[in-house]
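To start, the structure under review is shown below, and the notes come after it.
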There are 2 protein chains.
Amino acid sequence: MAVNEDQTKIGFRPLYAQVKDRLISRLVDGSWPPGMHLPSEQELARQLSVSQGTVRKALDAMTAESLLVRRQGRGTFVAEPEDARILFQFFRLAADRPSGENVFPDSSVLNWCGAGANDVEAQALHLESGNPVWRIERIRMLGGQPVLVESISLPANIFEGFDTLESIPNNVYQLYSARWGITIAKADEHLKAITATRNDTMHLHCPAGEPLLQIARIARNLQGNPVELRISRCLTRSMHYAVSLP
Amino acid sequence: MAVNEDQTKIGFRPLYAQVKDRLISRLVDGSWPPGMHLPSEQELARQLSVSQGTVRKALDAMTAESLLVRRQGRGTFVAEPEDARILFQFFRLAADRPSGENVFPDSSVLNWCGAGANDVEAQALHLESGNPVWRIERIRMLGGQPVLVESISLPANIFEGFDTLESIPNNVYQLYSARWGITIAKADEHLKAITATRNDTMHLHCPAGEPLLQIARIARNLQGNPVELRISRCLTRSMHYAVSLP
DNA sequence: GAGTGGTCTAGACCACAAA
DNA sequence: TTGTGGTCTAGACCACTCC
């Protein structure tokens with residue numbers, strides 16, 4: 001690979017970034033599935049005709065984005081959507097008390113159906129209003145107590161055959177990966193304080209007028225396209241949403 | 001600098017990390033103030049007796065933490081607490097509407113006084129209960145509308161002479177840096193949904209029972225010690241708090 | 001012992017900014 | 001033109017894992 005092969009000066013893209021793009025495309029097309037042991041740095045350098053240092057820079061960047069996992073002495077692996085990682089990467093709620101670490105809450109599905117996208121879904125998922133989506137509503141519990149109600153919306157054209165599932169697991173990102181080969185690579189969340197609706201108070205066993213933390217999440221695949229909209233409404237009497245800056 | 005100079009095998013610390021520590025200590029002791037033009041990579045490498053690549057790795061890490069700013073062709077500079085950076089790094093509230101970018105809200109101070117640390121302040125700031133602190137309360141406005149009430153608590157032993165200030169600027173982190181040489185390097189925030197108190201409704205002109213987003217922030221200096229506790233209570237009818245994962 | 005990633009070095013050339 | 005950071009290379013040795 002020559003430096004800046006068929007690139008004009010204006011379209012300059014560093015070699016390590018081009019390498020990264022090519023490696024990501026192998027994740028996208030499924031030739032490198034989650035858990036796979038990548039070729040060694042030396043081997044990749046030979047295959048791509050670049051130096052080991054350039055490969056390393058690309059691998060380091062992908063590791064920083066949680067796309068890969070590197071282990072000294074063993075090798076480099078495609079990251080898997082196992083609970084521990086998803087919890088750490090995408091779940092920011094934690095108990096207030098014992099300098100609380102976060103725990104994956106259990107979930108129980110309330111209902112799940114197909115529907116036409118409403119305006120919010122259409123805008124978030126880059127669909128036309130009325131396009132088919134799947135909707136899942138569930139409650140999530142911590143220590144037996146319901147802590148949040150969650151509404152998940154998925155484009156039906158991406159998640160084909162969603163209605164044929166027997167059950168919905170707690171960790172849906174693992175499901176997306178295993179069943180449709182979709183990797184959730186990043187997400188954006190918008191937080192607001194809202195008042196519990198009657199539906200919320202019923203499921204969360206909280207009084208009318210209880211303030212809830214509403215988390216609207218748009219999750220994106222490896223290419224950055226939105227593939228999931230999730231709106232969670234959380235009791236925060238004994239929990240909080242933790243953010244580290246930067 | 002020899003590799004792992006006076007380090008046992010167990011206490012191994014990479015050379016670039018040692019370099020980073022030494023560079024940070026120059027920020028801490030004030031010999032490299034905000035805005036200063038650092039020596040070039042080559043010069044630093046000579047001074048520290050390491051290769052340019054090792055210096056680069058330390059500088060890149062510090063740049064990623066917003067401690068330094070690098071500009072190709074010009075050099076490397078100590079980051080300054082100017083509005084644009086602070087806004088980007090520490091202010092996550094944005095207007096809902098026009099795919100809204102965030103804006104520094106104006107602020108007006110309600111009152112400011114010395115007091116003994118309450119339990120929350122003592123725990124957050126690593127003080128004993130009753131130790132002297134400064135407290136500032138202010139309202140912040142966006143487009144003339146009050147959007148949040150903010151309570152800032154500072155250890156009086158760190159911020160000496162705070163009571164002699166003539167006024168409190170909008171960007172207090174710039175003040176901390178200029179007046180006391182304190183750099184806010186990172187912060188942790190805990191978010192909850194709460195109900196507006198009578199005090200809140202008065203200042204925010206919102207109805208009783210309005211849900212507010214409460215943001216409790218602990219800001220830390222370069223060494224990671226907590227130096228500011230800030231509790232903000234925000235109207236989120238037309239604003240949201242934005243988080244990017246990862 | 002063989003193979004992997006992690007660190008460190010030395011040197012080359014490029015892109016950019018300022019004098 | 002000079003000096004800076006940005007990229008790329010080639011090669012060495014270290015630390016870790018597994019056989």
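Note on naming: letters A, B, ... go to the chains in the order of the sequence lines (proteins, then strands), and numbering restarts at 1 for each one.
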Most 5' of A/Val55 and B/Thr76 on DNA chain D, judged by nearest nucleotide: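 It is B/Thr76, whose closest nucleotide lies nearer the 5' terminus.
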
d(CZ, B/Arg13; C1', C/dC8) in whole Å: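 After rounding, the reported distance stands at 16 Å.
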
Between P of D/dT7 and CZ of B/Arg56, the distance in whole Å: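 Nearest whole value for this atom pair: 8 Å.
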
Check [X] against [Y] and note the closest heavy-atom contact, atom names and distance.
| X | Y | value |
| --- | --- | --- |
| B/Ala61 | B/Lys20 | CB-CD, 4.2 Å |
| B/Leu213 | A/Leu213 | CD1-CD1, 3.4 Å |
| B/His190 | A/His240 | CE1-NE2, 3.2 Å |
| B/Ala156 | B/Trp134 | CA-NE1, 3.5 Å |

Side-chain donor/acceptor of B/Asp83 to backbone N/O of B/Phe104, under 3.5 Å: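 Between the backbone of B/Phe104 and the side chain of B/Asp83 there is no qualifying donor-acceptor contact (under 3.5 Å).
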
Any donor-acceptor N/O pair, A/Lys57 side chain to A/Tyr16 backbone, under 3.5 Å: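 A pair under 3.5 Å: no.
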
B/Phe88, CZ atom: more than 12 neighbouring heavy atoms under 6.0 Å: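 No, the 6.0 Å shell around CZ holds no more than 12 heavy atoms from other groups.
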
Any side-chain N or O of [X] under 4.0 Å from OP1/OP2 of [N]?
| X | N | value |
| --- | --- | --- |
| A/Lys57 | D/dC8 | no |
| A/Thr54 | D/dT9 | yes |
| B/Tyr16 | C/dC8 | no |

Would you tabulate the side-chain donor-acceptor contacts of residues 23-35 of chain B under 3.5 Å, counting partners in other chains and residues two or more places apart, or write 'none'?
residue: B/Ser25; atom: OG; partner: B/Arg22; partner atom: O; Å: 2.7
residue: B/Asp29; atom: OD1; partner: B/Ser31; partner atom: N; Å: 2.8
residue: B/Asp29; atom: OD1; partner: B/Ser31; partner atom: OG; Å: 2.6
residue: B/Ser31; atom: OG; partner: B/Arg26; partner atom: O; Å: 3.3

Pairs of donor and acceptor atoms involving the side chains of residues 176-186 of chain A, under 3.5 Å and at least two apart or interchain, shall be tabulated with distances.
residue: A/Tyr176; atom: OH; partner: A/Glu228; partner atom: OE2; Å: 2.7
residue: A/Arg179; atom: NH2; partner: A/Thr164; partner atom: OG1; Å: 3.3
residue: A/Trp180; atom: NE1; partner: A/Glu160; partner atom: O; Å: 2.8

Interface with DNA chain C, restricted to residues 35-46 of chain A and to heavy atoms under 4.0 Å: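 Under 4.0 Å from DNA chain C: A/Ser40, A/Glu41.
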
Face-on cation placement of A/Arg70 at A/Phe77 ring, 6.0 Å and 45° thresholds: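 No, A/Arg70 and A/Phe77 do not form such a contact.
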
Interface with DNA chain D, restricted to residues 62-75 of chain A and to heavy atoms under 4.0 Å: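 Those residues are A/Gln72, A/Gly73, A/Arg74.
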
Restricting both atoms to N or O, compile the protein contacts to nucleotides 10-13 of chain D shorter than 3.5 Å, with distance only.
none

Residues which pass side-chain contact (heavy atoms from CB on, under 4.5 Å) with B/Ala187, listed by chain and number, not counting sequence neighbours: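 Testing B/Ala187 for side-chain contact (heavy atoms from CB on, under 4.5 Å), a comparison that skips the adjacent residues, returns A/Leu245, B/Phe90, B/Arg217, B/Ala219.
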
